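This report refers to the structure that appears directly beneath it.
Bear in mind that the values here come from a model prediction, so they are computed numbers and not experimental data.
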Amino acid sequence: MMRPKFAEQRQEPRRGLPLVSAISGLVCVGVVFVLADSLSGTGLVAAFRAALSNCQIKGNIDLADGARTYYLPGQKRYPAIRIQPAGGERWFCSEEQARAAGWQPARD
């Protein structure tokens with residue numbers, strides 16, 4: 001007589017990855033992300049770094065005339081400005097830092 005195998009009996013024991021393998025995998029994913037972000041010019045790493053250091057001033061370069069303008073939080077156009085580090089745009093931690101780098105304040 002054949003007896004049915006219950007689900008508990010059929011399951012194979014779980015094999016966990018050693019912690020070292022999991023960490024190295026995460027590091028590899030992180031490296032690939034940083035490289036892809038740098039090559040694409042998206043600037044997610046720069047934005048994250050700026051957020052961590054509380055640098056919220058956006059240094060924008062006008063595509064039409066190359067003017068370097070910085071925007072402060074609360075200004076009308078601030079939410080629409082997207083920083084593209086690959087194009088030379090950047091984040092500043094203070095207005096003094098932006099002016100010293102040759103950037104002008106936004107007029108709006």
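Rounded to the nearest 0.5 Å, atoms CZ (R82) and CG (N60) are 11.0 Å apart.
Considering every non-hydrogen atom in both I83 and P85, the closest pair reads O-CD, 3.4 Å. Among all heavy-atom pairs drawn from G59 and E89, the shortest one is O-CB, 3.2 Å.
The closest side-chain heavy-atom distance from Q97 to R90 is below 4.5 Å.
Other members of the cluster containing F92 are I57, I61, Y70, L72, W103, with ILVMFWY side chains joined at under 4.5 Å, either directly or via other members.
In this view, R99 and E95 satisfy the salt bridge (charged side-chain N to carboxylate O under 4.0 Å, His left out) rule, not counting sequence neighbours.
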